[in-house]
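The block underneath contains the structure these notes are about, expressed in structure tokens.
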Amino acid sequence: MTHPLTGWPLLAVLMGGVVAALAALTLTIRGGVPQLARLRLAVLGLGTDEEAPGTQRAAVVTLAATTTVGGTAVVVSTASAVAMGGTGVLFWFWSFAFLAAALRHAEAWLARTDAPGARLGASGSLAERLRREQGLLRGMGFVLGLLVPVTATLWCAGVLGAGARGVLSAASPDVERTASIAASLLAPLLAGLLAWRMRSPWMVVVAGVGGGCLLVAFVTMGLVVVVESGRALGTLARAASEALGGAPQAGAFSGAIPAEVLAAAAGSAVPVLLGPAGSDGALVALARATSTRAAAAASMLPVLGFAAIATLTAMALVGSGVYFERVPTSRPLDALVVHRAPFDSASQRRERERLYEGYLRVQEGELRDVTVALATERATIEAPRFFRNGVAADVALHVREGRVFRILAPDRHGVLQELDRREIASVTVSGRMLANGPEQLVRAAGRGALGPTGVRLLVVVLVLGATAACAILAFSAALGARPQAPAAARVALAVLVASGLGAGLWLPSQWTAAAVGVAAGLLGMSWGIALLARASDVVRLARSSGR
């Protein structure tokens, strides 16, 4: 996600995360910590039994699942989280991934088995498993059947689409339109092909493309770490201390208190992990695994890959130094805060008495009152210049508690007239400031051993990886909502879900980020409650023997 979550979307994410975390802790304790106890079995679970039911090789299914959460989604989200909270976010990313692994393990068991007393065979998804239950859980199955495709659509828009758009804007604005059109059309096409025939080789192709993009991104970030290995390795040593004690000031970065570090990590990582919830089991159910036990164990590998890619990305950002440097760039005015004076530390930045109240006059793009300080989330802006619809701005701004809430512009007689509040979004501020997450990724890639070639490679693999991930998630979401649906219905739903990528590539990122935050929070709560209610079944199945 490229836009920081605040307000209700962040609250929804936190609530969904808390419920899911409670379920994960229960499953971890009662299940004997499967994240550690079944690591060896997880690797063995990549093997395929050609006589087993299913339509895809086990390794292909695991690679496909890894593409969704371990590719473009985690690379861009990690960069956004580091830009907001510093290196401490890495500690929380690992914590979230550890908990999510237990939930994926449980969902895989339920998707590959039947409800107690039923005789229909493997359910094929968590939603279908619950619909075969009695009482309230049956209703929860229908709720999940609705939430899964809705959240997947918004996830494709707010995570994959917004992330790919941010990288394109930062590195290749000249081809942004062409690349966006191509990805918008290709994702629904691939999703439809995956959904049309369950045994088609398209899953191998799409998963292979996604896995290849993931490998190239991993190598590109790794070459950045190699160039600045000393500073990059320090990221690991500081992650836990900064998560619990707050991030200190570093260059232009003013630091972050522990709550801000947690909010940055949760707002970026939790939607990425919760978006595919309810779809994972449907994908795992396709695997011709050697046993259900092995398939369930292998289902934990994608989130462990999520944590590994996040670690390498954070190390590259810190090692290259881009996360605490001011660079020439621009931000929309409505994303900035006005302070009475510059600040240096997190404590100064958070002092409410520093927030500006009153009017500001901008003429020919220059701020008349030079005593105030404009700031992004974590740093002030040097030499700000204002532009409205691409030309030097001539406006007056009314500020309350540091935020612009009114805008006025002179009429043909030079008299200031109030404009519609939506016109605030038409004003951008250029200057030297901290880069956002996608900009930091691009700058870090350029400082690696590959130089400008690394930037081009990273852009291509992140956009292509987002397309592959969207197609896989759209297919698995359509399957997870209703595994027994006719092929035509699966295709239609998969194409609809995959169209979310195009929405994310064209719509403002703050809209799509807010939407996926709320949807992921609701899905996380439903997912957590459902798995918590069936924790006894999961533990019983995991302790039993046989397929």
Side-chain angles (χ1 to χ4, degrees), residues 12-31 34-35 65 68-69 96 99-118 120 122-152 154-155 270-285 292 295-296 299-300 302-303 473 476-485 516 518-542:
V13 164
L14 292 175
M15 291 176 63
V18 167
V19 174
L22 290 174
L25 286 172
T26 301
L27 290 163
T28 297
I29 295 171
R30 296 186 61 184
Q35 303 96 318
T68 57
V69 297
F96 299 152
L99 294 174
L103 297 174
R104 281 179 169 248
H105 180 257
E107 183 180 343
W109 269 110
L110 294 176
R112 291 181 66 93
T113 55
D114 203 354
L120 299 176
S123 60
S125 75
L126 177 60
E128 180 64 21
R129 174 61 138 72
L130 295 176
R131 282 194 289 263
R132 297 179 183 182
E133 302 276 356
Q134 301 294 325
L136 292 177
L137 283 180
R138 178 177 172 82
M140 182 65 73
F142 287 100
V143 170
L144 279 174
L146 175 63
L147 281 177
V148 164
V150 169
T151 304
L154 296 174
W155 195 90
V270 175
V272 173
L273 292 170
L274 290 183
S279 306
D280 301 323
L283 201 57
V284 175
T292 293
S299 69
M300 299 187 291
V303 291
L473 180 63
S476 58
L479 193 62
R482 197 74 185 185
Q484 286 76 35
V516 75
V518 173
L522 293 174
L523 180 59
M525 284 186 275
S526 302
W527 191 44
I529 291 171
L531 293 179
L532 193 59
R534 277 288 159 252
S536 297
D537 278 358
V538 172
V539 173
R540 174 180 56 80
L541 289 167

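Heavy-atom basis, side chains included; hydrogens, waters and symmetry copies ignored.
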Closest heavy-atom pair, Gln484 versus Ser123, reported as atoms and distance to 0.1 Å, is NE2-O, 3.8 Å
Residues pairing under side-chain hydrogen bond (donor to acceptor under 3.5 Å, both in side chains) where one sits in residues 518-530, two or more places apart or in two chains, turn out to be Glu107-Trp527
Taken to the nearest 0.5 Å, the spacing of Leu473 CG from Leu283 CG works out to 9.5 Å
Between Val150 and Leu146, the two heavy atoms sitting closest are CG2-O, 3.3 Å
Minimal heavy-atom distance between Met300 and Pro34, with the atoms involved, is CE-O, 3.2 Å
Here the gap from Met15 atom CE to Met525 atom CE, rounded to the nearest 0.5 Å, amounts to 4.5 Å
Sequence neighbours excluded, the answer for side-chain contact (heavy atoms from CB on, under 4.5 Å) partners of Val148 is Ser279, Ala477, Leu523
When every non-hydrogen atom of Ala520 is compared with those of Leu274, the smallest separation belongs to O-CD1, 3.4 Å
Exercise for the section: Using only heavy-atom distances, determine whether the side chains of Ser536 and Arg30 contain a donor-acceptor pair under 3.5 Å. Expected result: yes
Handout entry: Donor-acceptor pair, side chain of Ser125 and main chain of Gly480, under 3.5 angstrom
Key = yes
Closest non-hydrogen atoms of Val303 and Ala100, given as atom of the first, atom of the second and distance, are CG1-CB, 4.1 Å
### Pairwise side-chain contact, Val69 with Pro276, heavy-atom cut-off 4.5 Å (strictly under)
yes
Of all heavy-atom pairs linking Gly524 and Ala20, the shortest is O-CB, 4.1 Å
Report yes if the side chains of Trp155 and Val272 come closer than 4.5 Å at any heavy-atom pair, otherwise no. yes
From the list Leu531, Val284, Asp280, side chain to side chain contact (heavy atoms under 4.5 Å, CB included) with Arg104 holds only for Asp280
Taken in chain and number order and not counting sequence neighbours, the residues that satisfy salt bridge (charged side-chain N to carboxylate O under 4.0 Å, His left out) with Arg540 are Asp537
| task | Evaluate the side-chain proximity of Leu27 to His105: yes if any heavy-atom separation is below 4.5 Å, no if none is. | result | no
Report task. Could you walk me through whether Ile529 and Met140 pass side chain to side chain contact (heavy atoms under 4.5 Å, CB included), step by step? Result -> CA-CA 9 Å; Ile529 291 171; Met140 182 65 73; 3.9 Å; yes
**Asked** Are the side chain of Arg138 and the backbone of Arg131 linked by a donor-acceptor contact shorter than 3.5 Å?
**Response** yes
dist Leu99:CG -> Leu273:CG (nearest 0.5 Å) comes out at 9.5 Å
CG (Leu144) and CG (Leu126) are apart, to the nearest 0.5 Å, by 5.5 Å
Check: Do other residues, nucleotides or ligands put more than 12 heavy atoms under 6.0 Å from Leu136 CG?
Finding: no
| query | Any side-chain heavy-atom pair from Arg534 and Arg129 closer than 4.5 angstrom? | reply | yes
